[in-house]
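Here is the structure we will look at, set down as structure tokens.
Note: hydrogens, waters and symmetry copies are ignored here, and every other heavy atom, side chains too, is used. Order of listing sets the numbers, starting from 1, for every ligand and every atom in it.
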Amino acid sequence: MEMLNIDSLKAIIDDAQSIVLTVHVNPDGDAIGSMLGMYEALLQQGKNVQMVVDSPVPHKFSFLKYADRVQPPEALQSLEQPDILLVLDASTFERIGKVGEVCKAPIYNIDHHISNTKFAAGLYLVPEFAATGEIVAHLCEQWHWPITPSMADALYLGIATDCGFFKFSNTTEHTLRMAALCVQCGARPQVVSEHVELTSMNRLAIMRKALANVEFPHDGRVGIIALDEELMALAGDDTDGYVDLVRNVEGVDVAVLLKAVGPKTTRVSLRSKATDVNQIAGHFGGGGHIRAAGCTIQLPLEAAKAELLKELP
Ligand code: 5GP
Ligand code: MN
Ligand code: MN
């Protein structure tokens with residue numbers, strides 16, 4: 001494993017003629033935005049580039065240019081193996097799902113997760129950046145790669161979604177400068193936020209039911225919102241953002257979203273004001289950032305909640 005700097009990363013990309021891009025399963029705005037930005041940049045550099053992801057692109061991000069070119073892992077079996085697999089916004093090998101099994105090329109990783117497990121042959125890691133989209137914008141700026149309006153929308157979306165539209169503690173001057181660079185290059189903040197924040201009556205109905213059962217244990221320092229199997233069936237893959245319903249409640253340090261993704265499998269999202277939730281997620285085999293992390297617990301929802309609460313202050 002080699003830690004890359006901006007020059008050694010450039011040399012690796014320059015040397016590769018064919019590149020497959022991938023991101024973590026259940027991709028968020030940063031995964032999709034950073035990948036689409038990098039995809040178009042690499043096309044401009046004359047590369048043979050494909051995007052292969054082990055999850056569909058969520059509908060709310062499908063307005064971005066080239067989102068329809070993202071292919072499932074099976075596609076890689078018919079493609080020739082690329083020179084390199086470039087993994088964006090994923091901190092562990094498991095997070096890229098089946099792509100890791102079907103792609104045999106050497107893996108390079110561009111990421112911002114403090115919990116990165118250094119699984120790639122080469123890693124360009126910038127944990128002080130709020131988003132992988134912020135890294136890609138920075139690379140384009142430093143390498144004098146032009147940012148087209150469609151790349152700008154994608155990178156802006158990545159940056160904005162990972163820092164809660166510039167509200168979270170990971171928002172820095174550099175984050176805002178890269179967002180400004182995107183806007184200068186044609187990104188449309190209003191169009192991006194309208195797509196990302198678009199909601200539905202179904203989602204409001206789910207929120208109403210989930211809000212009816214929120215809990216504030218540990219003297220109100222923890223806020224828990226849960227999507228049980230019934231609500232998960234109604235929500236489909238549109239399960240982002242529910243954790244935000246409890247994170248700003250006065251006195252809450254750690255906000256928790258529990259999702260029953262199977263009868264004995266619970267997905268956990270953690271957000272915090274003070275506690276290191278990367279460490280708590282790490283206790284359950286997950287990770288992320290100090291103030292935003294996630295993990296999967298192989299227990300039914302109520303049992304997972306009990307185990308999690310033992311680890312929370
Ligand atoms: P979310 O709660 O939005 O799914 O994830 C919050 C942060 O934690 C993101 O940066 C995400 O990449 C990371 N994360 C979420 N789930 C996992 C997981 O199971 N493993 C690891 N390593 N990171 C995760
Ligand atoms: Mn992500
Ligand atoms: Mn990210």
Side-chain angles (χ1 to χ4, degrees), residues 21-38 53-55 57-58 60-61 87-97 100 109-120 124-138 154-164 168-171 175 178 196 223-227 235 237-247 254-259 261 265-272 275-298 304 308:
L21 291 175
T22 195
V23 294
H24 60 79
V25 295
N26 305 124
D28 52 16
D30 188 32
I32 296 297
S34 63
M35 177 175 65
L36 291 174
M38 183 57 94
V53 178
D54 190 8
S55 293
V57 176
K60 59 180 179 256
F61 309 136
V87 176
L88 301 175
D89 198 45
S91 57
T92 73
F93 182 70
E94 292 68 37
R95 293 275 287 159
I96 64 173
N109 185 198
I110 297 175
D111 187 32
H112 70 126
H113 292 96
I114 195 156
S115 62
N116 192 291
T117 56
K118 307 191 172 156
F119 63 92
Y124 185 70
L125 182 70
V126 194
E128 55 278 13
F129 282 8
T132 304
E134 182 176 343
I135 304 180
V136 175
H138 175 74
L155 296 176
Y156 179 89
L157 179 135
I159 295 168
T161 52
D162 254 24
C163 66
F168 300 160
S169 59
N170 57 1
T171 307
T175 313
M178 291 302 102
V196 172
I224 303 182
I225 186 161
L227 299 180
D237 63 4
D238 181 23
T239 58
D240 278 357
Y242 287 91
V243 70
D244 295 323
L245 295 172
V246 288
R247 72 184 299 163
V254 180
V256 180
L257 166 65
L258 300 170
K259 299 189 283 191
V261 293
T265 308
T266 305
R267 276 283 310 158
V268 181
S269 285
L270 300 166
R271 303 289 185 269
S272 90
T275 298
D276 180 349
V277 288
N278 173 53
Q279 201 192 339
I280 288 163
H283 180 86
F284 294 99
H289 311 283
I290 289 168
R291 306 243 177 283
C295 58
T296 302
I297 302 179
Q298 297 300 345
L308 183 68

Distance from atom 6 (C) of ligand 1 to nearest protein heavy atom, with residue and atom: R271 NH1, 3.5 Å
Restricting to non-hydrogen atoms, name the atom on A281 and the atom on A293 that form the minimum distance, rounded to 0.1 Å. CB-CB, 3.7 Å
Polar protein atoms near the Mn ion (ligand 3) [N, O or S; cut-off under 2.8 Å]: D30 OD2, D89 OD1, H112 NE2, D162 OD2
Distance filter under 4.0 Å to T92 heavy atoms, resulting ligand 1 atoms: 22 (N)
Atom indices of ligand 1, in the order listed, that fall short of 4.0 Å to a heavy atom of C295: 16 (N), 19 (O)
Run down the list G286, G241, G287 and name the one with the heavy atom closest to atom 14 (N) of ligand 1. G287
Rounded to the nearest 0.5 Å, how far apart are NZ of K259 and OH of Y242? 9.5 Å
In this structure, atom 2 (O) of ligand 1 is nearest to the protein heavy atom S269 OG, 2.6 Å
Are D28 and ligand 1 in contact, using a heavy-atom cut-off of under 4.0 Å? no
Hey, looking at atom 11 (C) of ligand 1, which of H24, R95, H289 has the closest heavy atom? R95
Applying the side chain to side chain contact (heavy atoms under 4.5 Å, CB included) test to D89, which of T22, D30, I32 qualifies? D30
Atom 15 (C) of ligand 1: which protein heavy atom is closest, and how many Å away? G294 CA, 3.4 Å
Are the side chains of F129 and N170 in touch, meaning some heavy atoms are under 4.5 Å apart? no
Heavy-atom proximity to atom 10 (O) of ligand 1, picking from H113, R291, R267, points to H113
Let me see the working for D162 and H112 under side chain to side chain donor-acceptor pair (under 3.5 Å), right down to the final yes or no. CA-CA 11 Å; D162 254 24; H112 70 126; 3.1 Å; yes
Tell me every residue that passes side-chain contact (heavy atoms from CB on, under 4.5 Å) with I290, counting only those two or more places apart in sequence or in another chain. I114, D276
Just give me the atom name: the N, O or S atom of H24 closest to the Mn ion (ligand 2). NE2
S91 heavy atoms, cut-off 4.0 Å: which ligand 1 atoms fall inside? 22 (N)
Testing the basics here: between G133 and L155, what is the closest heavy-atom pair and its distance to 0.1 Å? O-CD2, 3.9 Å
Looking only at heavy atoms, the pair that brings N109 and V87 closest together is ND2-O, 3.0 Å
Geometric cation-pi criterion, R247 with F168: 6.0 Å, 45°: yes
Among V254, V243, V246, V277, find the residue that satisfies the side chain to side chain contact (heavy atoms under 4.5 Å, CB included) test when tested with R271. V243
G288 neighbourhood, listing ligand 1 atoms whose heavy-atom distance to it stays under 4.0 Å: 8 (O), 13 (C), 23 (N)
Note: T265 and T296 closest approach over all heavy atoms is CG2-CG2, 3.5 Å
Looking at T117, is its backbone amide N or carbonyl O close enough to the side chain of S91 to form a donor-acceptor pair, meaning the two atoms are under 3.5 Å apart? no
Among all the protein's non-hydrogen atoms, which is closest to atom 7 (C) of ligand 1, and how far away is it? A292 O, 3.5 Å
